[in-house]
Structures are given as structure tokens and as C-alpha cells.
Enquirer: 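Quick one: this structure, given as C-alpha cells, is what I'll be asking you about.
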Amino acid sequence: MNIPDPVPLYDRIYAVIRQIPPGKVAAYGMIARIVGRCTPRMVGYALAALRTGDKGVPWQRVVNSQGQLSLRGPEQREMLESEGVAFDAQGRIDLARFGWSGPDDAWLEAHGYDVLWFMQGK
DNA sequence: CTTCTGACGAAAT
DNA sequence: CATTTCGCCAGAA
């Protein structure tokens with residue numbers, strides 16, 4: 001189970017990204033897993049379709065699975081550093097330290113997710 | 001209606 | 001470590 005269809009996929013993706021707290025980052029694949037019926041690629045598409053500042057989506061907190069930034073690199077890095085996220089010598093983020101662990105139970109419940117289902121991974 | 005084109009990721013080779 | 005393959009949304013032309 002996950003969010004039912006009246007809500008467009010992109011909006012569901014944005015809703016999840018808005019849950020990432022300042023100072024944390026999440027990988028595309030993780031967003032996709034939380035959203036459900038979604039692939040990492042779709043998350044990239046959704047963000048590409050976004051304009052800076054649109055819908056209050058903190059796009060800078062979405063990085064690839066290796067903790068690296070993509071296209072808007074410099075600007076994104078600056079925004080993250082001002083939130084307290086650190087980069088190593090190779091420009092990567094230590095996901096063990098700054099990786100987001102997912103939305104809290106209250107949010108999942110409020111959006112119609114089965115928390116147990118989410119914890120189990122699928 | 002069709003075609004094109006993007007902020008990705010995991011597994012196989 | 002480098003490449004390839006597939007997954008299959010949404011807006012513009």
C-alpha cells in the first residue's frame with residue numbers, strides 16, 4: 001500500500017522530499033522506495049521538472065546513492081553546507097552521518113501508509 | 001496522436 | 001573500477 005492515485009506521482013514525490021529535515025540528505029532511490037510504485041529515475045524526472053523554489057521542495061537535500069551531487073553542484077553544495085552538511089575531499093557526503101532515515105511514523109500514518117509495510121522494506 | 005528528453009540506481013557483465 | 005540494461009513519468013514540440 002501507499003498513497004492512492006488521485007495524487008499525481010510527482011506531487012507524492014515532492015511531499016516526501018518536503019519531509020527531509022535541514023542538515024539531512026536522502027538518495028533518489030530512497031525517495032522512490034518511500035513513495036512507492038516509483039523508481040529512482042522518476043524522482044530525478046520530478047526534480048528536473050521543478051524550478052528552484054517551487055512548492056517549497058528542498059531539492060538540495062536529494063543526492064545520489066553515493067552521496068554525490070549532480071548537475072546543480074556548486075549551488076547545491078553551498079546550500080547544504082549552510083545547513084551543516086559536510087563534504088569529504090572528494091566532494092561526497094557521508095550518508096552514515098547525514099543520511100535521512102525516512103519519514104516518521106506519524107507522517108506515514110497520516111498519508112495512508114502501513115508503517116510495518118514500510119519498515120519491512122518493500 | 002507521436003517523439004523526445006531529463007537531478008538516478010541496482011544488478012549483471 | 002567501467003559499461004550496459006532496464007525501469008516506464010510528464011510536459012513540450
Side-chain angles (χ1 to χ4, degrees):
Chain A
M1 277 310 282
N2 50 52
I3 300 176
D5 255 324
V7 182
L9 175 63
Y10 282 18
D11 286 333
R12 303 202 317 262
I13 291 172
Y14 300 147
V16 172
I17 294 175
R18 275 193 286 262
Q19 299 307 306
I20 307 173
K24 292 287 183 181
V25 296
Y28 291 82
M30 175 176 217
I31 302 297
R33 210 173 65 241
I34 294 168
V35 170
R37 275 180 266 159
C38 180
T39 64
R41 187 174 196 177
M42 294 167 159
V43 175
Y45 287 159
L47 284 178
L50 205 58
R51 293 188 190 173
T52 310
D54 266 1
K55 308 185 183 193
V57 179
W59 57 268
Q60 74 275 20
R61 299 187 193 129
V62 183
V63 303
N64 73 25
S65 67
Q66 301 167 55
Q68 301 171 307
L69 305 183
S70 13
L71 283 189
R72 308 207 177 177
E75 182 189 2
Q76 184 175 10
R77 174 166 178 160
E78 202 171 324
M79 295 178 81
L80 290 174
E81 288 183 318
S82 71
E83 292 182 355
V85 176
F87 289 77
D88 65 20
Q90 327 197 15
R92 296 184 317 185
I93 296 168
D94 179 0
L95 293 181
R97 290 174 57 202
F98 301 105
W100 181 46
S101 17
D104 55 38
D105 291 359
W107 187 89
L108 291 172
E109 300 277 0
H111 290 265
Y113 286 88
D114 174 335
V115 176
L116 182 55
W117 166 85
F118 175 70
M119 297 299 276
Q120 291 172 343
K122 171 78 201 281

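Order of the sequence lines sets the chain letters (A, B, ...), proteins ahead of strands, with each chain counted from 1.
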Enquirer: A:Leu69 vs A:Leu80, test: side-chain contact (heavy atoms from CB on, under 4.5 Å). Steps then yes/no.
Expert: CA-CA 10 Å; A:Leu69 305 183; A:Leu80 290 174; 3.9 Å; yes
Enquirer: If you walk 5' to 3' along DNA chain C, what is the first nucleotide with an atom under 4.0 Å of a heavy atom in chain A, and what is the last?
Expert: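 Listing 5' to 3', DNA chain C meets chain A from C:dG7 to C:dA10.
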Enquirer: Mind checking whether A:Tyr10 and A:Tyr14 have parallel, tilted or perpendicular rings, split at 30° and 60°?
Expert: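 Perpendicular: the ring planes of A:Tyr10 and A:Tyr14 meet at over 60°.
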Enquirer: Checking A:Val62 against A:Ile20 for the side-chain contact (heavy atoms from CB on, under 4.5 Å) test, could you report, in this order, the C-alpha distance in whole Å, the side-chain angles of both residues, the deciding distance, and whether it holds?
Expert: CA-CA 9 Å; A:Val62 183; A:Ile20 307 173; 4.3 Å; yes
Enquirer: Decide side-chain contact (heavy atoms from CB on, under 4.5 Å) for A:Tyr28 and A:Leu47; before the verdict, give the C-alpha distance in whole Å, the side-chain angles of both, and the deciding distance to 0.1 Å.
Expert: CA-CA 10 Å; A:Tyr28 291 82; A:Leu47 284 178; 3.9 Å; yes
Enquirer: What string of B, S and - do you get for nucleotides 8-13 of chain B, 5' to 3', when a contact is any protein heavy atom under 4.0 Å?
Expert: BSS---
Enquirer: Is there ring stacking between A:Tyr45 and B:dA7, where the centres must be under 5.5 angstrom apart and the planes under 30 degrees?
Expert: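 A:Tyr45 ring does not meet the centre or angle cut-off for B:dA7; no stack.
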Enquirer: Applying side chain to side chain donor-acceptor pair (under 3.5 Å) as the test, list every pair that has at least one member in residues 80-91 of chain A; sequence neighbours left out.
Expert: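 Pairs touching residues 80-91 of chain A that pass the test: A:Gln60-A:Glu83, A:Arg61-A:Glu83, A:Arg77-A:Glu81.
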Enquirer: For side-chain contact (heavy atoms from CB on, under 4.5 Å), just list the numbers for A:Ile34 and A:Trp100, CA-CA rounded to whole Å, side-chain angles, deciding distance to a tenth of an Å, and then say yes or no.
Expert: CA-CA 12 Å; A:Ile34 294 168; A:Trp100 181 46; 3.8 Å; yes
Enquirer: Any side-chain donor-acceptor pair under 3.5 Å between A:Tyr45 and A:Arg41?
Expert: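 Present: a donor and an acceptor within the cut-off.
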Enquirer: To the nearest 0.5 Å, what is the distance between CG on A:Leu95 and NZ on A:Lys24?
Expert: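 Taking CG in A:Leu95 and NZ in A:Lys24, the distance rounds to 10.5 Å.
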